[in-house]
Amino acid sequence: MGHTATEQAGSGGLTATEHRLANGLRVVLSEDHLTPVAAVCLWYDVGSRHEVKGRTGLAHLFEHLMFQGSAQVKGNGHFELVQGAGGSLNGTTSFERTNYFETMPAHELELALWLEADRMGSLLTALDDDSMENQRDVVKNERRQRYDNVPYGTAFEKLTAMAYPEGHPYHHTPIGSMADLDAASLEDARAFFRTYYAPNNAVLSIVGDIDPEQTLAWVEKYFGSIPGHDGKQPPRDGTLPDVIGGELREVIEEDVPARALMAAYRLPHDGTREADAADLALTVLGGGESSRLYNRLVRRDRSAVAAGFGLLRLAGAPSLGWLDVKTSGGVEVPGIERAVDEELARFAAEGPTPEEMERAQAQLEREWLDRLATVSGRADELCRFAVLFGDPQLALTAVQRVLDITPEEVQAVAKARLRPDNRAVLVYEPTDAADTEEGEADQ
């Protein structure tokens with residue numbers, strides 16, 4: 001094992017060290033003896049952006065297959081062993097990564113490491129047609145429950161497809177399509193695993209009440225013999241022009257509780273000062289009940305019951321500013337949209353007030369510190385910065401980078417990006433208009 005990284009002081013005195021096994025696995029450790037728990041987080045550098053047309057959803061399907069057993073752990077054993085030891089666990093898939101994580105009593109850390117190594121090294125020996133069919137059905141049901149059969153459920157999928165053109169690696173979302181899920185074969189899954197679930201395509205972070213020397217010895221013992229794989233192709237280029245160049249719009253008539261205006265704005269890539277400035281701009285405009293849009297639409301005009309504006313940070317493609325407004329009673333969307341555009345234009349012209357800037361920076365600082373304060377949150381952030389930006393230490397200094405942004409930078413990104421010609425828009429109209437008119441008397 002090569003101990004090539006140096007330890008650096010980070011935010012609030014937090015530290016992390018990085019190490020690398022001979023097979024390429026990167027290991028990040030961060031000691032925290034406040035509570036007797038340890039978090040294990042494993043990020044694989046694979047997400048929906050690595051998929052090809054006709055085989056969407058494989059990354060997410062594989063997240064589920066990783067809980068279906070491996071050489072030494074049969075069936076649902078991973079869940080049973082972790083939960084039986086007093087731990088918690090899960091996995092998630094995004095455009096840019098797939099992650100698996102456990103939080104354990106500190107004395108059960110070795111168990112979590114053994115479990116993760118067993119499925120990294122031996123999942124293919126347990127992957128068969130039965131487990132493939134079982135999890136294919138689970139994912140299809142998840143799609144029905146979370147996307148197809150809930151109000152506004154496909155909004156994110158539709159806006160993503162509009163904001164990123166056909167053929168772009170981010171054009172489709174991680175859930176995948178029903179047709180592609182049906183088309184995926186067992187050999188597709190095996191090839192996907194061999195390509196992406198290799199130690200040299202992963203970062204393992206371990207945070208909490210740990211003995212670094214013992215922890216590294218366990219990592220070497222359980223992960224060191226797993227061979228690397230050199231067949232991975234880099235993801236397709238996700239760069240796009242800064243501005244879409246014209247508004248994209250779709251009106252959807254569905255059985256939804258209220259009219260809605262949703263929009264996605266193309267914003268700077270994550271990892272840049274401009275992305276941090278955009279985060280602050282969206283916080284001032286739509287981050288909570290003190291924001292400009294909430295005050296205008298919900299409190300003053302009473303034309304909406306909810307109004308939010310947040311940032312989906314993406315490293316390999318432009319980030320997305322996500323606007324979500326649900327109308328009040330029988331209010332029509334065009335009036336909402338005019339009010340939104342007025343507020344965005346005013347913000348672009350004037351920028352944030354000193355009070356708004358202070359409040360937005362405090363809000364984002366609190367959110368960052370909340371994530372770093374828990375062993376699981378810190379483990380996840382260390383993995384994120386290692387996988388996406390090459391340096392886990394950046395996780396410990398992210399708070400300061402947000403606080404260094406100036407009001408002028410916030411105004412500049414708003415003026416350049418929060419424009420009508422740089423957005424994809426969804427307008428939801430309920431199929432039963434009478435339902436939306438019941439509340440008109442309250443206006």
Side-chain angles (χ1 to χ4, degrees), residues 151-152 155-156 159 163 247-249 251-252 256-267 277-312 319-364 366-367 405 407-430 436-443:
Y152 319 106
F156 179 66
L159 280 173
E247 184 183 83
L248 307 172
R249 179 177 293 263
V251 178
I252 301 170
V256 292
R259 294 186 178 100
L261 171 68
M262 300 185 190
Y265 291 77
R266 192 178 287 176
L267 294 174
D279 207 352
L280 287 163
L282 300 191
T283 301
V284 172
L285 288 163
E289 296 184 5
S290 63
S291 67
R292 289 195 182 194
L293 290 176
Y294 192 93
N295 277 322
R296 169 74 184 269
L297 299 171
V298 180
R299 285 205 172 98
R300 197 192 88 179
D301 295 354
R302 297 188 179 180
S303 58
V305 294
F309 211 174
L311 181 65
L312 173 64
S319 301
L320 288 183
W322 178 275
L323 174 72
D324 187 353
V325 182
K326 304 296 193 308
T327 68
S328 177
V331 173
E332 301 280 350
V333 169
I336 295 275
E337 197 164 0
R338 282 192 297 272
V340 168
D341 285 343
E342 286 174 11
E343 292 301 322
L344 296 188
R346 184 163 66 90
F347 188 75
E350 301 172 0
T353 66
E355 293 78 12
E356 286 176 327
M357 191 71 182
E358 182 180 2
R359 185 166 60 241
Q361 286 180 313
Q363 192 170 327
L364 293 185
R366 187 197 70 239
E367 291 171 4
I405 299 298
E408 291 75 21
E409 289 175 288
V410 174
Q411 182 182 3
V413 76
K415 186 175 182 179
R417 303 296 191 102
L418 300 181
R419 302 163 17 183
D421 66 345
N422 188 37
R423 68 186 176 199
V425 177
L426 285 184
V427 174
Y428 277 88
E429 290 286 346
T436 69
E437 293 168 1
E438 293 174 358
E440 281 188 286
D442 297 332
Q443 300 306 304

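Bear in mind that the values here come from a model prediction, so they are computed numbers and not experimental data.
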Do the side chains of [Y] and [X] get nearer than 4.5 Å, heavy atoms only?
{"X": "L418", "Y": "F309", "answer": "yes"}
{"X": "L285", "Y": "S291", "answer": "no"}
{"X": "I336", "Y": "T327", "answer": "yes"}
{"X": "W322", "Y": "L159", "answer": "yes"}

So which pairs with a foot in residues 351-360 pass salt bridge (charged side-chain N to carboxylate O under 4.0 Å, His left out), sequence neighbours left out?
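Checked against salt bridge (charged side-chain N to carboxylate O under 4.0 Å, His left out) - neighbours excluded - the pairs reaching residues 351-360 are R292-E356.
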Pairs in or reaching into residues 280-290: which pass salt bridge (charged side-chain N to carboxylate O under 4.0 Å, His left out), with residues at least two apart or in two chains?
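Counting only pairs at least two positions apart or across chains, the salt bridge (charged side-chain N to carboxylate O under 4.0 Å, His left out) contacts touching residues 280-290 are E289-R299.
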What pairs with [X] under side chain to side chain donor-acceptor pair (under 3.5 Å), at least two apart in sequence or on another chain?
{"X": "E367", "answer": "none"}
{"X": "D279", "answer": "R313"}
{"X": "R417", "answer": "D242"}

Partners passing side-chain contact (heavy atoms from CB on, under 4.5 Å) against [X] (at least two apart in sequence or in another chain):
{"X": "P334", "result": "E332, R338"}
{"X": "Q361", "result": "L280, M357, L403"}
{"X": "V427", "result": "R249, V251, L261, V333, V425, E429"}
{"X": "R419", "result": "V243, D421"}

Quick one: pull up CG in L293 and CG in D324 and give me the separation to the nearest 0.5 Å.
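Atom-to-atom, L293:CG and D324:CG are 11.5 Å apart.
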To the nearest 0.5 Å, what is the distance between CG on L312 and CG on L267?
10.0 Å
Contact summary for [X] and [Y], nearest pair of heavy atoms:
{"X": "V413", "Y": "A281", "value": "CG1-CB, 4.4 Å"}
{"X": "V325", "Y": "A304", "value": "CG1-CB, 3.7 Å"}
{"X": "R259", "Y": "P430", "value": "CG-CD, 3.5 Å"}
{"X": "P407", "Y": "P352", "value": "O-CD, 3.8 Å"}
{"X": "G321", "Y": "L311", "value": "N-CD1, 4.5 Å"}
{"X": "A424", "Y": "A163", "value": "CB-N, 4.3 Å"}

Of L282, L344, L320, the residue whose pairing with Y265 passes side chain to side chain contact (heavy atoms under 4.5 Å, CB included):
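The side chain to side chain contact (heavy atoms under 4.5 Å, CB included) with Y265 is passed solely by L344 among L282, L344, L320.
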Could you go step by step and tell me if D301 and V331 meet the side chain to side chain contact (heavy atoms under 4.5 Å, CB included) rule?
CA-CA 11 Å; D301 295 354; V331 173; over 6 Å; no
List the residues meeting ring pair (Phe, Tyr, Trp, His ring centres under 6.0 Å) with F347, not counting sequence neighbours, and say none if there are none.
none
What pairs with Y152 under ring pair (Phe, Tyr, Trp, His ring centres under 6.0 Å), at least two apart in sequence or on another chain?
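Partners of Y152 under the ring pair (Phe, Tyr, Trp, His ring centres under 6.0 Å) test: Y428.
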Under-4.0 Å salt bridge between R423 and E337
yes
Residues two or more places apart in sequence or in another chain: which of them pass salt bridge (charged side-chain N to carboxylate O under 4.0 Å, His left out) with E343?
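With sequence neighbours excluded, E343 shows a salt bridge (charged side-chain N to carboxylate O under 4.0 Å, His left out) to R296, R346, given in chain and number order.
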